Amino acid sequence: MAAEPIVVVRDLSKIYRQGDINVVALDHVSLDITAGEFVVLMGPSGSGKSTLLHIIAGIDRPTSGSAKVQGIDIAQLDESQLADWRNQNVGFVFQSFNLIPVLTAAENVELPLLLTDLNGRERRKQVQTALELVGLADRGHHRPDQMSGGQQQRVAIARALVTDPALIVADEPTGNLDAKSAGDVLAILRSLTLTAGKTVVMVTHDPKSAAYGSRSLHLEKGEIAA
Amino acid sequence: MALPLRYNFRNVLVRWRTTLFTILGIAAVVAVFVLLRGMARGIERSSGNTGDPRNILVVRKGSQAESGSLVTREQFRTLQYLDGIAKDERGEPVISAELVMIVSAPRRAGAGEANTLLRGVTAGGMELRPQVTLKEGRWFVPGKREVVVAQRLASRFAGFEIGGTIKAGPDRLTVVGHFDGTGSAFDSEAWMDADEARSIFDRDMYSSVLLRPRDEAALTNLVARIQADKRLSLRAEREVDYYSKQTMTAVPIKYLAGMLGVAMSIGAVFAAMNTMYASVAARTREIGTLRVLGFSRAAIVVCFLVEGSFLAMLGGILGSALAWGVYAFVVVRGINFGTMDFQSFAETVFQFRVTPDLMLLGVLFSVAIGLAGSLFPALRAARLPVISALRSL
Ligand SMILES: Nc1ncnc2c1ncn2[C@@H]1O[C@H](COP(=O)(O)OP(=O)(O)OP(=O)(O)O)[C@@H](O)[C@H]1O
Ligand SMILES: [Mg+2]
């Protein structure tokens with residue numbers, strides 16, 4: 001496994017201004033993540049886990065400091081560059097699945113591919129591969145409301161990896177799932193790091209989930225605890 | 001690349017309960033719009049097809065319409081011998097002295113009486129109006145109490161069939177034929193011999209004189225001569241100009257259509273806007289998700305514009321179909337619509353038609369409503385910060 005860090009975070013701070021009060025969500029955070037790692041972010045509520053994840057994934061911007069992913073300082077990208085960058089380099093998994101209710105599983109998985117140059121046949125092939133990877137090859141034509149929570153989250157994982165991104169971020173992906181489904185989802189995420197060389201950064205509150213990761217980080221009031 | 005259209009279609013259909021009222025509202029607006037347009041166009045066409053650019057119409061100075069004009073027999077004789085009038089095969093000047101009267105006749109539908117215009121014409125009357133052709137029966141014989149009515153009127157008035165009679169003053173006229181005015185204003189007239197008409201109504205004078213100059217130069221000369229003659233005190237103008245002024249009847253309808261159109265489309269735009277704002281609010285997280293996946297703000301704007309247009313277009317298609325239904329019903333039943341002609345106080349029969357191009361116009365109109373109504377909601381959707389969209393869990 002390459003020892004080259006895929007994510008390099010340096011002196012990263014995020015301060016939210018709420019009226020006159022400054023809320024320090026991240027306080028000079030530095031960290032490296034190596035390609036192929038399964039990093040688990042833990043910590044109390046409000047400690048800045050989601051904020052850190054959002055900045056690494058290019059959906060929020062730091063107040064100061066830098067976050068480089070595969071050598072690219074994403075804070076320097078403008079909005080539309082950032083959108084393209086996200087589309088090509090990051091897969092997202094959310095706590096509440098965030099599937100589009102009017103689209104079928106296959107159509108949901110296909111969404112990120114609509115922004116690529118692939119033609120319809122190529123897209124369908126990739127969608128099918130992604131659905132197979134999460135064990136839902138035969139559920140492509142089902143709508144989200146026809147599937148269980150665990151199945152919906154697996155569709156979301158398929159959507160996250162269909163563009164073959166190097167980095168997958170997941171914010172409490174098992175928060176809405178029963179133990180069995182949570183185990184399936186975590187196993188899939190772990191196998192992605194082991195067999196496909198993906199890097200996964202996952203936020204969780206659950207120590208049992210954390211056990212699937214290759215490394216755990218604890219955030220405390222916006223700082224990484226030793 | 002944009003989001004697939006089926007995403008928009010399904011979102012509109014899935015929310016049908018909230019969108020149905022908006023769709024029906026837009027349908028009503030489009031139906032009224034198409035019907036009023038069809039009506040105004042019918043009036044315009046019938047007046048537009050009426051005059052002949054080669055003819056001069058002469059009325060009394062100060063008269064707005066034929067029906068309020070008086071031309072004496074001496075004046076007619078003077079006009080007849082003016083230089084520059086075309087001659088027919090027998091060497092007679094192509095000119096017709098005409099008497100225009102309003103007669104009231106019972107409607108076929110049973111609902112009371114309606115006015116129609118009775119025109120007395122002299123020999124040249126038919127030659128001067130090539131757009132009028134006999135369809136059934138024969139022309140009236142001069143000196144007889146006979147009348148030829150427009151085919152289109154025959155379906156609306158009782159007794160207008162061939163062999164039927166029309167009450168005219170103290171007398172009755174026998175219908176001997178039907179003519180077709182090819183959509184002109186003559187389609188709402190009945191014609192008879194002018195001198196016979198004068199005797200029935202006990203009139204010494206005609207209403208107007210229609211004549212055909214030899215050529216364009218003669219036309220200009222004749223108009224100038226008649227206008228300049230203080231003794232004659234008559235007004236001469238091109239027949240087409242006279243009828244295009246009469247088209248003013250269409251102006252109030254167009255005005256009404258315009259006002260109603262604006263008022264109703266403002267209502268429809270707000271209805272569409274309301275629906276689209278609700279849709280954006282309900283889909284905040286979905287929009288955030290799409291942005292996270294890499295869709296641009298522009299893609300989101302386009303997406304909601306498409307969705308608003310599609311929603312409105314459903315209403316537009318429904319409304320155009322509704323208007324066509326009204327039209328089809330009218331045609332099938334053979335009913336012609338009458339509107340008050342403010343100039344002659346006779347009923348103008350006009351051809352009211354809902355054509356495919358009008359229906360297309362109605363659908364385009366609905367798309368415009370949809371675009372206008374979804375612009376601000378679309379901009380709001382695009383302005384949502386990605387992160388707040390995600391946090392609205
Ligand atoms: N948009 C915002 N405006 C103001 N303050 C914010 C905003 N977003 C986050 N914060 C604050 O930043 C801090 C860190 O928030 P963050 O969501 O990263 O915490 P978290 O560790 O993910 O918590 P949780 O476990 O509850 O999800 C919190 O104090 C939060 O209130
Ligand atoms: Mg969080």
Side-chain angles (χ1 to χ4, degrees), chain A residues 14 16 25 50-51 53-55 57-61 78-104 106-120 123 143-145 156 159-160 162-163 165 169 171-172 175-176, chain B residues 1-20 275-276 278-304 306-308 310-311 314 379-393:
Chain A
K14 178 71 182 181
Y16 290 106
S50 293
T51 305
L53 201 69
H54 290 153
I55 292 173
I59 52 185
D60 203 355
R61 288 177 185 278
D78 70 23
E79 191 178 275
S80 78
Q81 290 171 327
L82 202 54
D84 290 342
W85 179 82
R86 282 197 302 266
N87 179 253
Q88 290 153 19
N89 298 288
V90 195
F92 299 85
V93 182
F94 307 93
Q95 179 173 355
S96 40
F97 324 139
N98 287 20
L99 298 177
I100 309 298
V102 299
L103 298 181
T104 64
E107 288 165 347
N108 265 287
V109 175
E110 191 186 7
L111 275 177
L113 294 181
L114 294 177
L115 296 166
T116 66
D117 299 331
L118 299 180
N119 65 33
R123 291 201 303 266
R143 279 206 321 268
D145 61 5
R159 181 176 67 186
V162 75
T163 53
V169 298
D171 198 345
E172 303 187 38
N176 287 0
Chain B
M1 191 167 149
L3 282 154
L5 288 177
R6 60 176 180 270
Y7 168 71
N8 299 111
F9 298 163
R10 287 186 208 159
N11 267 307
V12 168
L13 299 181
V14 106
R15 258 167 262 270
W16 67 271
R17 260 175 254 271
T18 44
T19 53
L20 188 64
T275 306
M276 292 310 291
S279 192
V280 169
R283 278 150 67 191
T284 301
R285 184 149 61 94
E286 199 169 303
I287 295 160
T289 304
L290 291 171
R291 294 288 307 286
V292 168
L293 295 179
F295 287 91
S296 64
R297 285 181 200 268
I300 301 295
V301 170
V302 169
C303 168
F304 279 90
V306 165
E307 198 162 315
F310 173 66
L311 169 90
L314 288 181
L379 291 177
R380 174 183 288 184
R383 267 200 296 265
L384 288 170
V386 180
I387 213 71
S388 71
L390 288 182
R391 284 196 198 269
S392 78
L393 308 180

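A note on names: the letters A, B, ... follow the listed sequences, proteins ahead of strands, and every chain is numbered from 1. Remember, it's a predicted structure, so these values are computed and weren't measured experimentally.
- No side-chain heavy atom of K14(A) sits under 4.5 Å from any side-chain heavy atom of H54(A).
- Under 3.5 Å, the side chains of T116(A) and R123(A) contain no donor-acceptor pair of N or O atoms.
- S279(B) and R283(B) form a side-chain donor-acceptor contact under 3.5 Å, judged by distance and modelled atom types alone.
- Counting heavy atoms from C-beta on, the side chains of Y7(B) and C303(B) come closer than 4.5 Å.
- Enclosure of atom CG in D117(A) is not indicated, since only 12 or fewer non-hydrogen atoms of other residues, nucleotides or ligands lie within 6.0 angstrom.
- Contacts between residues 8-20 of chain B and chain A, counted as heavy-atom pairs separated by less than 4.5 Å, involve R10(B), N11(B), V14(B).
- Side-chain atoms of Q95(A) and N176(A) form a donor-acceptor pair, as typed in the model, at a separation below 3.5 Å.
- Contacts between E79(A) and chain B at a heavy-atom distance below 4.5 Å involve the side chain alone, from C-beta outward.
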